[in-house]
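First the structure, in the form of structure tokens, and then the observations on it.
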Amino acid sequence: MKKTVIVGGGIAGLATAYYLHESGAVDYTLIECSPRWGGKITTEELDGFVVEGGPDSFITQKAATMELCKRLGLGDQLVGSNTGKNATTYVWSGGRLHPMPEGMMLMAPTMVLPFLRSKLISWPGKLRMGMEMLIPKRRGDEDESLASFVRRRLGSEALKKIAGPLMGGIHAADPEKLSLRSTFPMFLDMEKKHGSLLRAMMKSPRRKPAPGTSKPSMFMSLQGGLKQLTDALVAHLRPEALRTGVCVQSVTSYGSRYKVLLNDGSAILADDVVFATPAYITADLVEPIDPALASQLRAIRYVSTATVSLGFRRSDITHPLEGAGFIVPRAEGRRITACSWSSEKFRHRAPDDRVLLRVFIGGAQSEYLASLDRVSLIELALDELRVMMKITARPILAAAYRWQRANPQYELGHEQRIADIERSLTEFPGLHLAGAAYRGAGIPDCIQSGLKAARDITARDHAGSRYHDQHLPVAIGT
């Protein structure tokens with residue numbers, strides 16, 4: 001039986017191990033340098049609050065997470081985010097919170113009247129957005145930044161107040177550098193096929209919920225937090241195949257195999273090695289094998305972020321909290337990028353008489369703030385909410401989480417960069433990449449990358465391939 005070493009115990013590494021375990025065709029060892037599994041997925045139950053330090057949900061349009069949860073027996077634990085009025089996102093602009101106009105699809109309006117009534121965008125800005133159908137489509141296939149695309153099609157105000165903080169915020173990125181092709185390619189497809197975003201949306205069929213049902217949630221989580229998913233994965237794997245608190249020091253060629261040296265002095269000989277680590281860590285590990293590949297991996301930039309979760313008594317909050325939270329355009333000069341009203345977004349995140357808020361800090365445009373100590377982060381968040389939500393009470397719960405160099409940046413040229421990395425990997429059969437740095441940074445993308453690695457490994461010999469076809473998902477919707 002072939003041997004696989006998986007380096008990194010975040011969701012991508014855990015998913016890889018799970019699918020290899022399911023195949024039954026490969027002996028595997030999963031190694032995580034830190035003392036816990038899950039990577040950026042970290043859930044804590046604190047005084048009745050369910051606090052997410054990293055991601056708090058996953059998008060349902062990509063089916064990989066839903067499928068995995070069901071395979072693990074967590075189907076009855078899935079919970080959708082609130083819909084309708086309770087899903088409204090607000091934008092801080094001009095000293096107040098404005099509701100995002102109903103019918104906005106990330107950055108473009110699909111409904112006329114709510115958009116015209118909104119006070120978020122000025123009348124010149126609305127006119128410019130309305131002229132989008134008259135803007136000729138761009139010729140050529142060169143990569144284009146989010147900022148360039150939105151400015152060209154919808155105008156500067158749409159970029160500044162909506163697309164930049166919303167779409168750039170998803171990736172903690174600078175919109176001027178963020179590759180649209182690698183992050184939101186559907187908008188490029190709309191322009192190419194229809195010549196206009198608005199025209200494409202008008203032609204898109206509107207699916208109405210069946211009678212007696214509500215609109216399905218775009219985002220889902222698990223009732224006890226996303227740690228339920230990583231805990232279930234760990235519980236499913238062989239205990240003797242799991243090693244935490246030990247770090248991989250190097251990976252070197254050893255004949256037709258690879259020698260994985262650990263910091264406890266031991267070594268493992270492997271036929272396949274899956275790097276489910278940040279690209280810059282992977283670069284250090286593959287340096288002895290191929291310095292050029294290491295250099296390509298280091299070209300993927302990472303930025304730091306932080307989240308602060310704050311619990312309050314509901315009676316101390318005067319804001320109605322009718323929505324999911326708000327985003328903050330950079331031009332407003334505030335020190336936070338967004339605030340999620342966690343207990344309104346998902347049920348069971350706080351006791352009935354409590355409120356849980358989560359503040360986002362740092363990212364590509366204010367990364368220095370993410371390096372503050374935890375006490376300073378909490379005070380910064382409270383200061384900002386005092387101005388923006390008129391919250392003067394002290395919290396009954398405060399927790400800060402810092403994520404240093406944790407967010408890969410899909411900058412201009414990212415697609416070509418990944419193609420070059422994958423081309424280099426073909427020279428080293430048995431080396432595989434998984435995780436957020438390559439072809440999608442969300443939880444479903446990471447799971448999908450783990451499935452791909454597992455399929456590639458089991459397909460490397462004929463017997464494994466036959467077993468693989470029977471026991472691994474042939475495809476998961478992405």
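We're numbering straight along the sequence, starting at 1.
- Side-chain contact between S57 and K345: present, with at least one pair of heavy atoms (C-beta onward) separated by less than 4.5 Å.
- The aromatic rings of F184 and H171 sit perpendicular to each other, their planes meeting at more than 60°, with 30° as the lower class boundary.
- Side-chain atoms of Q77 do not come within 3.5 Å of backbone N or O of G224 as any donor-acceptor pair.
- Separating the CD1 atom in I162 from the OG atom in S118 is a distance of 7.5 Å, to the nearest 0.5 Å.
- Side-chain contact between S449 and L433: absent, with no pair of heavy atoms (C-beta onward) separated by less than 4.5 Å.
- Between atom CZ of residue F312 and atom CD1 of residue I391 there is a gap of 4.5 Å, rounded to the nearest 0.5 Å.
- With contacts defined as side-chain heavy-atom distances shorter than 4.5 Å, the pair Y438/L297 qualifies.
- A salt bridge is absent between E52 and R358: the closest approach of a Lys/Arg side-chain nitrogen to an acidic carboxylate oxygen does not fall below 4.0 angstrom.
- Counting only heavy atoms from C-beta outward, the side chains of E157 and R128 never approach each other to under 4.5 Å.
- The closest side-chain heavy-atom distance from M100 to I327 is below 4.5 Å.
- Smallest separation of non-hydrogen atoms from K161 and L120: NZ-O, 2.9 Å.
- The CG atom of D316 sits 12.0 Å away from atom CZ of R394, with the distance rounded to the nearest 0.5 Å.
- No donor-acceptor contact under 3.5 angstrom links the side chains of R314 and S343, judged on distance only.
- R301 has a carboxylate O that lies under 4.0 Å from a charged side-chain N of E411, or vice versa, which qualifies the two as a salt bridge.
- Although no hydrogens or angles enter the test, the distance criterion places no donor-acceptor pair under 3.5 Å between the side chain of E44 and the main chain of G53.
- At least one side-chain heavy atom of L451 sits less than 4.5 Å from a side-chain heavy atom of Y19.
- Below 30°, between 30° and 60°, or above 60°: for Y28 and H21 the angle between ring planes is above 60°, a perpendicular geometry.
- Salt-bridge annotation for R117 and E102: absent, with no side-chain N of the basic residue lying under 4.0 Å from a carboxylate O of the acidic one.
- Here the CE atom belonging to M133 is positioned 4.0 Å from the CE atom belonging to M202, to the nearest 0.5 angstrom.
- Within the 4.5 Å cutoff, no side-chain heavy atoms of T337 are placed close to those of P165.
- Checked by atom type, the side-chain pair E32/T244 shows no donor-acceptor distance below 3.5 Å.
- A salt bridge is defined here as a Lys NZ or Arg NE, NH1 or NH2 lying under 4.0 Å from an Asp or Glu carboxylate O, and R334 with E332 fails to meet this definition.
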Fill in: Step-by-step salt bridge (charged side-chain N to carboxylate O under 4.0 Å, His left out) determination, E191 to R152
CA-CA 12 Å; E191 181 185 39; R152 177 170 60 80; 2.6 Å; yes
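- Here the CD-CG distance, from E132 to L197, works out to 4.5 Å after rounding to the nearest 0.5 Å.
- Using the six-membered ring where Trp is involved, F187 and F149 have ring planes that are tilted, between 30° and 60° apart.
- By the 4.5 Å heavy-atom criterion applied to side chains, F49 and P351 are counted as neighbours.
- Taken from CG in L68 to NZ in K70, the straight-line distance is 11.5 Å, to the nearest 0.5 Å.
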